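Letters A, B, ... are given to chains in the order of the sequence lines, protein chains preceding strands, and every chain is numbered from 1. A quick note: this is a predicted structure, and the numbers were derived from the prediction, not measured.
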2 protein chains.
Amino acid sequence: MTNKSPVLKKLRNVRRKDQRPGEILRAALEVFSINGYAGTRLDDVAKRAGISKGTIYLYFNSKEVLFNEMVRHWILPQLEKIEQIGKQPAGSAEVILRKQLKVIYEDMVSTKASCIPKLIISEGTRFPELAEFYYQEVIIRAHKTMHETVRRGVAAGEFRQDALNWQLHAILSPALTAAIWKSVFDRFSPLDLKAYFQTHVDLLLHGLKGKS
Amino acid sequence: MTNKSPVLKKLRNVRRKDQRPGEILRAALEVFSINGYAGTRLDDVAKRAGISKGTIYLYFNSKEVLFNEMVRHWILPQLEKIEQIGKQPAGSAEVILRKQLKVIYEDMVSTKASCIPKLIISEGTRFPELAEFYYQEVIIRAHKTMHETVRRGVAAGEFRQDALNWQLHAILSPALTAAIWKSVFDRFSPLDLKAYFQTHVDLLLHGLKGKS
DNA sequence: TAATACTTACTGACTGGTCAGTAATCAATA
DNA sequence: TATTGATTACTGACCAGTCAGTAAGTATTA
């Protein structure tokens, strides 16, 4: 067995300090999401990242630190994007709400990051600080952002008054269910995300726009 | 230290073949729900059941078998109850729907068994047969049952036609979210289940009863 | 009813394998 | 050749599953 092209032979010990953390965080997401925290071997994370286990410890102090940083890395940027949309001064509440839901589905439910909720649900009991971080820094922030959009719609007479208490039911729940479905049941019955998203938006706006 | 009443002194090695499986299944639910599958030690399950680890193997062939039987034990009876309600010939669709949702919240979301969804979500990827069992024998069955109630309401002119495709969004999602919240975030922000249930029912019926 | 033989639920020490974390070593770059 | 990114061999803790032994309970006999 000879390598006809020496250029293509596997490079060993290549030093890429700047890129490693991101590669490890991506591999970690993939492996943790399949096996859970306790079920994941760092050897497998390393293999998927194309490095050896020892290298992980050059960038992350422990398995637990890696897990925590991975969650933050894969959820905070998307959250900030939704907040940015909410800060736009112009536009009806309906348009803004549609944009925000679109980001939730396109950047969170449809991407690699869709397994993050599953991981929080799985490991939240054993890592209370992780659950609290997610509660404070993701759920509360997302609620506040969506609440502000709804409030704006109520103030402008677009939405009914009593819709201000619906967020968990009407906004968060279907998106969470979609993410979970994708992670767990998609192999048995693939979710038509486009249609699901459409129904979600229709139902929500139908509820919001009725009179109080 | 003396036992004044010898009758009350702790009984060790008491033989109770008929009660053991149930006790083990209860202990398993409690420990698995906290630690997940891989993170759970059978020594801890045994300790909680008040027996030794070896005894578990007298009733269950392996950790995996115990886990699977536990899920079935804690979910199937409630499901059958909901199906029974759906089979009642009398009553409006709204009344039946309210009864069924009540059972979902009182017998599933409010009880020990509320951690079952969390466990399926956590372990479904690593136990595909478990995920498929839950999909086929719980989700599909529950959907069919609720769908039948909605269909009855549509046929009687109580509900709008296009509500037949809403189940995942409007019925399953909020209840699932409630169960997850109870398992993961309740310690940070306890869910007022009564109010949550009420909002869920109101939202759902508001959506169902509008005209097509 | 007492002594003896037998059954079986249960125990807990042990084994073999697994894996997080470490330390000695290698090798690419400047 | 000094620095440092990366590898590899190793350790020690941990745990699922096993099995020889114990003692509670039952049947049999005298």
What is the distance, rounded to the nearest whole Å, between atom [atom1] of [X] and atom [atom2] of [N]?
X: A:E64; N: C:dC19; atom1: CD; atom2: P; result: 19 Å
X: B:I56; N: D:dA16; atom1: CD1; atom2: P; result: 9 Å
X: B:Y59; N: D:dG17; atom1: OH; atom2: P; result: 18 Å
X: A:I51; N: D:dT7; atom1: CD1; atom2: P; result: 7 Å
X: A:K53; N: C:dG21; atom1: NZ; atom2: P; result: 9 Å
X: A:L66; N: C:dC19; atom1: CG; atom2: P; result: 16 Å

Test side-chain contact (heavy atoms from CB on, under 4.5 Å) on A:I121 and B:S183; report intermediate values, then the result.
CA-CA 8 Å; A:I121 293 163; B:S183 296; over 6 Å; no
Check whether any side-chain nitrogen or oxygen of B:S52 sits under 4.0 Å from OP1 or OP2 of C:dG12, and answer yes or no.
no
So, is A:Y57 near the phosphate of D:dA6, with a side-chain N or O under 4.0 Å from OP1 or OP2?
no
Do B:K102 and B:F197 form a cation-pi contact, if we require the NZ or CZ to be under 6.0 Å from the six-membered ring centre and within 45 degrees of the ring's axis?
no
When you measure from the side chain of A:T55, which nucleotide among D:dT18, C:dG21, D:dT7 comes out closest?
D:dT7
Which nucleotide in the set C:dA9, D:dG5, D:dA16 lies at the smallest distance from any side-chain heavy atom of B:L58?
C:dA9
Hey, which of A:K47, A:R48, A:R41 is the one that makes salt bridge (charged side-chain N to carboxylate O under 4.0 Å, His left out) with A:D44?
A:R41
Please work out if B:F60 contacts a base, only the sugar-phosphate, or nothing of the nucleic acid, heavy-atom cut-off 4.0 Å.
nothing
Charged N-O contact under 4.0 Å between B:R126 and B:E123:
yes
Thinking salt bridges, do B:E23 and B:R26 make one under a 4.0 Å N-O criterion?
no
Please answer whether the main-chain N or O of B:E83 pairs with a side-chain N or O of B:R141 as donor and acceptor at a distance below 3.5 Å.
no
Does the side chain to side chain donor-acceptor pair (under 3.5 Å) test come out yes or no for B:Q100 and B:T145, once each step is laid out?
CA-CA 9 Å; B:Q100 286 174 322; B:T145 304; 5.8 Å; no
Expected list for residues 32-45 of chain B near DNA chain D, using heavy atoms below 4.0 Å, is B:T40, B:R41, B:L42
